[in-house]
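Here the structure comes first, spelled out in structure tokens, and everything after it is commentary.
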Amino acid sequence: MSPRPRTSPVLPTVSPERHAALRGPLLNWYDHGKRDLPWRRTRDPYAIWLSEVMLQQTQVSTVIPYWERFLARFPTVGALASAPLDDVLSGWKGLGYYSRARNLHRAAQEVVSRFQGRLPATAAELLTLPGFGRYTAGAVASIAFGEEAPLVDGNVARVLSRLFEVEGLPGDRAREATLWALAGALVKGERPGDFNQALMEHGATVCRPESPLCLLCPVRAGCLAYAKGRVDELPPAKVRAAPKKLELALAVWPREGKLLFARRAEEGLFGGLWELPTTEVAEDTTDAVALGQLASALGTPDLKLVGALGNVRRQLTHRALTLRLLRVAGPVLPRQAKSFQELRWCTPQEAEALGMSTAMQRALESVIAQDVLAAATPTAPAQTRKRRPRASP
DNA sequence: CAAACGTGGCA
DNA sequence: TTGCCAAGTTT
């Protein structure tokens, strides 16, 4: 048998004329029309790196306040490397994709141990650090260090797909290879970092996914998709799977003005974050079954159900979450349960400093609004007055 | 290579 | 309310 027929990727070339016709106008447009973003005011590689990580799958307007706060809290690679992971996750609270924060932290420690605290200056070396993929390595190498390193993000993929009429769905191997080859050819020249940013900025503001502003486009004359009236069909939208349902039971265990919190496993959803102790349950299962699963997870077989406190729903990209709040109590306090990395009793105020998902934040707000803590008086369950002033613990 | 991994904004 | 999208990486 002959070997399996493989697509032999015919990588595109960019003529010197095309190279010049695209590069000049894009850089010129960028110089005059770029947004004033805070990370464009610094040359600190660490600050630029941080911006690139935060911007992964996240909008500019969301990132700006996080970037400023995080940088003030962890001003250098060294400061980040020596900070406890808990503090780092707390600084990332609400930004999402929390593995980014864990990888950032690990990478900072590697920069200290392997590179004397200085971020390496080439994409090839950056690629060896946790959280650096092909995109981020190219971005930091080109923007912070001036290497002629290409990058392809969603913006660049769209811009190049239209300019060069690149076919194929997102994720298609041949398509990716083509896009990286084009980006690699175009980045050669003056100011590679600015050129890469120009490509992304153009995609974000002019060559947008919907209603692109072709009449304002500086490289319209060289755009194949524009010439052929195919701008709206390139690139094709990616096919998304329907969100799966995920139902979670939460233990709301008030005691002496505090609630029981747990730290989740490092891996998986909300990895390493704090939560009201949570366990996955079958869809629409009974409170009694859910309670049993929580008791098992906490290692407290005699856990009692005091009452249900309602549900919190939360829509993620790939998950439809239902958080079922179950108020519980028990005579035996949990030790280190193996389902959780750590258990801790906290006041709501203390909990604000913990790394926590927005989903859990919402659940906590619901619990607090229901005055569970004020009503919880283990020694006098009949207590009904609310907001009773409490002595400090 | 498909699936997992969050969140907020906007049509 | 629902669907789609945004400066991706990891397994």
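Chain A is the first sequence line, chain B the second, and so forth, proteins listed ahead of strands; every chain is numbered from 1. Model, not experiment: these values are computed from the prediction.
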message: Let me spell it out: for each of A/Arg106 and A/Arg40, pick the nucleotide of DNA chain C with the closest heavy atom. Which residue's pick is nearer the 5' end?
response: A/Arg40
Full working for side-chain contact (heavy atoms from CB on, under 4.5 Å) between A/Glu365 and A/Arg362: CA-CA 5 Å; A/Glu365 286 162 11; A/Arg362 298 277 185 273; 4.0 Å; yes
- prompt: Are there more than 12 heavy atoms of other residues, nucleotides or ligands under 6.0 Å from atom CD of A/Gln336?
  reply: no
message: Among residues 125-136 of chain A, which ones have heavy-atom contacts with DNA chain C below 4.0 Å?
response: A/Pro130, A/Gly131, A/Phe132, A/Gly133, A/Arg134, A/Tyr135, A/Thr136
- prompt: Between A/Glu201 and A/Arg40, is there a salt bridge with N-O shorter than 4.0 Å?
  reply: yes
query: Do A/Arg100 and A/Thr58 have side-chain N/O donor and acceptor atoms under 3.5 Å apart?
result: yes
- request: Step through the shown structure and confirm whether more than 12 heavy atoms of other residues, nucleotides or ligands are within 6.0 Å of CZ on A/Arg35.
  value: yes
- request: For DNA chain C, determine which residues of residues 193-210 of chain A have any heavy atom closer than 4.0 angstrom to one of its atoms, and list them numerically.
  value: A/Met200, A/Ala204, A/Pro209
field: Euclidean distance for P, C/dT11 against B/dG6 (whole angstrom)
entry: 14 Å
Solution key, residues 62-72 of chain A side-chain donor-acceptor pairs under 3.5 Å, sequence neighbours excluded:
unit_1, atom_1, unit_2, atom_2, d
A/Tyr66, OH, A/Lys93, O, 2.9
A/Tyr66, OH, A/Gly94, O, 3.4
A/Trp67, NE1, A/Ala47, O, 2.9

- request: Figure out the CG/P separation between A/Leu169 and B/dC1, and round it to whole Å.
  value: 13 Å
task: Apply ring pair (Phe, Tyr, Trp, His ring centres under 6.0 Å) to A/Trp49 and list each qualifying residue two or more places apart in sequence or on a separate chain.
output: A/Phe132
message: Applying a 4.0 Å non-hydrogen cut-off, can you work out what A/Ala241 is touching in the nucleic acid: base, sugar-phosphate, or nothing?
response: nothing
message: Applying a 3.5 angstrom cut-off to the pairing atoms, does DNA chain B sit in any stems of at least three consecutive Watson-Crick or G-U pairs? List them by first number.
response: B:2-5 with C:8-11, B:7-11 with C:2-6
Using distance only, find each side-chain donor-acceptor pair of residues 76-88 of chain A under 3.5 Å and give its atom names and separation, not counting sequence neighbours.
unit_1, atom_1, unit_2, atom_2, d
A/Thr76, OG1, A/Gly78, N, 3.4
A/Thr76, OG1, A/Ala79, N, 3.0
A/Ser82, OG, A/Gly78, O, 3.0
A/Ser82, OG, A/Ala79, O, 3.3
A/Asp86, OD1, A/Trp274, NE1, 3.2
A/Asp86, OD2, A/Trp274, NE1, 3.4

- request: List, by chain and number, the other hydrophobic cluster members for A/Ile48, where Ile, Leu, Val, Met, Phe, Trp and Tyr join if side-chain heavy atoms come within less than 4.5 Å, directly or indirectly.
  value: A/Ile143
task: Please identify each residue that fulfils salt bridge (charged side-chain N to carboxylate O under 4.0 Å, His left out) with A/Arg324, with sequence neighbours left out.
output: A/Glu247, A/Asp287
query: Which residues satisfy the salt bridge (charged side-chain N to carboxylate O under 4.0 Å, His left out) test with A/Lys245, sequence neighbours excluded?
result: A/Glu283
message: Strictly under 4.0 angstrom, non-hydrogen atoms only: write out the protein contact profile of nucleotides 5-11 of chain B, one letter per nucleotide from the 5' end, B, S or -.
response: BBBB---
Solution key, residues 288-306 of chain A side-chain donor-acceptor pairs under 3.5 Å, sequence neighbours excluded:
unit_1, atom_1, unit_2, atom_2, d
A/Gln293, NE2, A/Glu280, O, 2.9
A/Lys304, NZ, A/Asp302, O, 2.9

- request: Take atom CG of A/Asp172 and atom P of B/dC1, then tell me their distance rounded to the nearest Å.
  value: 9 Å
field: Partner set under side chain to side chain donor-acceptor pair (under 3.5 Å) for A/Glu167, not counting sequence neighbours
entry: A/Arg230
message: Between A/Asp194 and A/Arg191, does any NZ, NE, NH1 or NH2 come within less than 4.0 Å of an OD or OE carboxylate oxygen?
response: yes
- request: Take the protein atom CZ of A/Arg313 and the nucleotide atom C1' of C/dT2, then report the distance between them rounded to whole Å.
  value: 14 Å
query: With sugar-phosphate meaning primed atoms plus P, OP1 and OP2, does A/Trp92 contact a base, only sugar-phosphate, or nothing at under 4.0 Å between heavy atoms?
result: nothing
task: Rounded to the nearest angstrom, tell me the gap between atom CZ in A/Arg35 and atom P in C/dA6.
output: 12 Å
message: By the 4.0 Å heavy-atom rule, please label A/Lys93 as base, sugar-phosphate, or nothing.
response: nothing
field: Interatomic distance where NZ belongs to A/Lys238 and P belongs to C/dC4 [whole Å]
entry: 12 Å
